[in-house]
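The structure appears right after this line, and notes come after that.
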Amino acid sequence: MRLREVKLRHVRMKMKFPFSTSFGTFEDKEFILLEAKDENGESGWGESVAFHSPWYNEETVKTNWHMLEDFMIPKLLNKDIEHPDEVSEILSGIRKNNMAKSTIEGAVWDLFAKQKGIPLAVALGGEKKEIDVGISIGIQDTVLDLVQLIEEHVNEGYKRIKVKIKPGWDVEVLREVRKHFPNVPLMADANSAYYLSDIDRLKALDEFNLTMIEQPLSSDDIVDHAKLQKEISTPVCLDESIHSYEDARKAIELGSCKIINIKIGRVGGLTQSKRIHDLCQKHDIPVWCGGMLESGVGRAHNIALTTLSNFILPGDTAASSRYWVKDIIDPEVVVENGKITVPEKCGIGYEPNREIIQQLTVSEKSYF
Ligand code: OSB
Ligand code: MG
């Protein structure tokens, strides 16, 4: 395969409602959509999950644009690519910038699957025909608001509820949630809001029978997490701390977590996601697919990855309608009884809607 043209689009989508984490609030979603054309004029699609500002990691929409434009696209344009696994290798001389790498790698995987005439899920080695999904609920103004939202999403059938927590919005909130929903599979995501010195507060969460606590400590830590895991019974899940296969290997070796959240963008693409998945499987560490408030293109990639067999726990890939009045793909991602049916069409399996994408595009540039 050869990439004959790559187009970057800076897209802005209005969110249905603001989404708050321990670090701040989103009202709109800005991201880069990448379209790569092969020698037959077929298009492959990738979505950058870097946000407008660097709160989740150091990457942003602008740094991704810069990395793609000045370093990554020139390395890949018109180069012979036999298999998408080579992209990781070709870009390995560029340090980090995993979300930028993943954007173009995702488009190459889509093209590869389309050239073979198979769904992306099958190209990755996935076998599931449907996947279980949960939903992530941001920090709310009141506990009552949170309880009402949980009720809504439990009734919609989501397989587990994830609640964002931070100091001051944790023990008392989860106690109230458990009072209303004693048996719902429940987990908490702190997005690095705690320190090891908060250990008593984190221990207090053990009484709520959480499926896991996600990334309680620093975003670059695996040492303190190992100390914490020894002291609490709730399984620790790492999100922000795992950027690579090596990070995962070390975290498993240290006992820093019992579960890993794989985000394709955070680890630099589907090839690396698959490697981490396989490593975790070998060590009996279940994984699940994290979310980054993606548009339909990113959702499609998440769904394909989640078909791999060690994605045992429900992920954060909710329906398109969770965040968007109108998503940019046809059909939209639909969740029924907490399940998404994996598309059988080739490639990512959903068709990007060019008309809608054009309306949302702030700027665009093509590279030949
Ligand atoms: O930590 O998993 C996270 C959203 C933005 C940034 C980080 C995270 C999240 C979520 C929501 O939890 C995931 C989603 O619904 O896409
Ligand atoms: Mg998280």
Side-chain angles (χ1 to χ4, degrees), residues 13-29 51 55-56 132-195 198-217 232-237 239-240 261 288 290-294 313-325 327 333-339:
M13 272 170 101
K14 181 108 204 98
M15 298 185 70
K16 269 188 177 174
F17 51 82
F19 186 87
S20 294
T21 73
S22 58
F23 268 87
T25 300
F26 286 85
E27 309 215 353
D28 285 319
K29 173 85 201 253
F51 296 124
W55 71 270
Y56 171 84
D132 286 348
V133 293
I135 196 159
S136 171
I137 305 181
I139 291 169
Q140 305 297 316
D141 291 336
T142 69
V143 182
L144 187 63
D145 289 347
L146 178 62
V147 167
Q148 280 171 353
L149 278 175
I150 293 176
E151 168 123 48
E152 236 173 74
H153 297 309
V154 167
N155 290 340
E156 286 168 341
Y158 281 100
K159 298 285 182 191
R160 64 101 174 104
I161 299 292
K162 163 164 136 183
V163 172
K164 293 284 190 182
I165 58 168
K166 63 179 181 183
W169 181 267
D170 46 24
V171 182
E172 296 72 21
V173 172
L174 289 168
R175 182 168 293 124
E176 196 59 26
V177 168
R178 264 293 178 236
K179 228 193 273 166
H180 287 85
F181 311 96
N183 301 315
V184 162
L186 183 68
M187 60 174 287
D189 184 359
N191 289 110
S192 304
Y194 297 87
Y195 298 92
D198 298 316
I199 192 154
D200 291 337
R201 194 158 262 271
L202 295 168
K203 261 188 197 160
L205 302 180
D206 279 347
E207 67 172 286
F208 303 125
N209 189 28
L210 302 178
T211 325
M212 71 193 89
I213 178 167
E214 185 180 347
Q215 196 73 37
L217 309 179
I232 64 175
S233 60
T234 306
V236 171
C237 168
D239 174 353
E240 283 91 329
N261 158 342
W288 55 279
M292 293 287 280
L293 316 172
E294 290 94 341
L313 296 155
D316 273 345
T317 308
S320 292
S321 61
R322 160 90 177 118
Y323 296 115
W324 318 119
V325 174
D327 202 344
V333 174
V334 190
V335 172
E336 266 174 83
N337 296 319
K339 288 179 187 294

Check the pair Asp316, Lys162 against side-chain contact (heavy atoms from CB on, under 4.5 Å), reporting the backbone distance first and the verdict last.
CA-CA 8 Å; Asp316 273 345; Lys162 163 164 136 183; 2.6 Å; yes
Can you find a pair of side-chain heavy atoms, one from [X] and one from [Y], that are under 4.5 Å apart?
{"X": "His153", "Y": "Ile137", "value": "yes"}
{"X": "Arg160", "Y": "Met187", "value": "yes"}
{"X": "Pro235", "Y": "Thr211", "value": "no"}
{"X": "Arg178", "Y": "Leu186", "value": "yes"}
{"X": "Val163", "Y": "Ile139", "value": "no"}

Worked check of side-chain contact (heavy atoms from CB on, under 4.5 Å) between Gln140 and Leu149:
CA-CA 9 Å; Gln140 305 297 316; Leu149 278 175; 3.4 Å; yes
Mind checking the [atom1]-[atom2] spacing from [X] to [Y]? Nearest 0.5 Å is all I need.
{"X": "Thr21", "Y": "Lys164", "atom1": "OG1", "atom2": "NZ", "answer": "6.0 Å"}
{"X": "Ile213", "Y": "Leu174", "atom1": "CD1", "atom2": "CG", "answer": "8.5 Å"}
{"X": "Phe19", "Y": "Phe26", "atom1": "CZ", "atom2": "CZ", "answer": "8.0 Å"}
{"X": "Asp132", "Y": "Lys339", "atom1": "CG", "atom2": "NZ", "answer": "4.0 Å"}
{"X": "Leu210", "Y": "Glu207", "atom1": "CG", "atom2": "CD", "answer": "9.5 Å"}
{"X": "Leu293", "Y": "Ser136", "atom1": "CG", "atom2": "OG", "answer": "8.0 Å"}

Side-chain donor-acceptor pair present, Asn337, Tyr158, cut-off under 3.5 Å:
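Result is no, nothing qualifies.
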Do Asn191 and Gln215 have side-chain N/O donor and acceptor atoms under 3.5 Å apart?
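No, no side-chain donor-acceptor pair sits under 3.5 Å.
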Would you confirm whether [X], through its side chain, and [Y], through its main-chain N or O, come within 3.5 Å as a donor-acceptor pair?
{"X": "Asp198", "Y": "Tyr194", "answer": "no"}
{"X": "Ser233", "Y": "Asp206", "answer": "no"}
{"X": "Lys29", "Y": "Met292", "answer": "yes"}

Heavy atoms only: give me the nearest [X]-[Y] pair and the separation to one decimal.
{"X": "Ala190", "Y": "Pro216", "answer": "CB-CA, 3.8 Å"}
{"X": "Ala204", "Y": "Val171", "answer": "CB-CG2, 4.1 Å"}
{"X": "Ser320", "Y": "Val333", "answer": "OG-N, 2.9 Å"}
{"X": "Lys159", "Y": "Gly338", "answer": "CG-O, 3.5 Å"}
{"X": "Trp288", "Y": "Pro314", "answer": "CB-O, 3.8 Å"}
{"X": "Trp324", "Y": "Glu294", "answer": "NE1-O, 3.1 Å"}

Let me see the working for Phe181 and Ile150 under side-chain contact (heavy atoms from CB on, under 4.5 Å), right down to the final yes or no.
CA-CA 9 Å; Phe181 311 96; Ile150 293 176; 3.5 Å; yes
Criterion side-chain contact (heavy atoms from CB on, under 4.5 Å) on Val177 and Leu146, from CA distance to verdict
CA-CA 8 Å; Val177 168; Leu146 178 62; 3.8 Å; yes
Does the pair Asp189 and Lys166 meet the rule for a salt bridge (Lys or Arg N to Asp or Glu O under 4.0 Å), with working shown?
CA-CA 8 Å; Asp189 184 359; Lys166 63 179 181 183; over 6 Å; no
Under 4.0 Å between a Lys/Arg side-chain N and an Asp/Glu carboxylate O for Asp327 and Arg322?
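Not counted as a salt bridge, because no side-chain N and carboxylate O are separated by less than 4.0 Å.
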Assess whether a salt bridge exists between Arg175 and Glu172, defined as any Lys/Arg side-chain N lying under 4.0 Å from an Asp/Glu carboxylate O.
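Between Glu172 and Arg175 there is no salt bridge, as every charged N stays at least 4.0 Å from the carboxylate O atoms.
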Just checking Glu176: does its CD atom have more than 12 heavy atoms from other residues, nucleotides or ligands closer to it than 6.0 angstrom?
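Yes, enclosed.
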Within a reach of under 6.0 Å around CZ of Phe208, are more than 12 heavy atoms found that belong to other residues, nucleotides or ligands?
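More than 12 heavy atoms, drawn from other residues, nucleotides or ligands, come within 6.0 Å of this atom.
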Parallel, tilted or perpendicular for Tyr323 and Phe17, by the 30°/60° rule?
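Tilted: the ring planes of Tyr323 and Phe17 meet at 30° to 60°.
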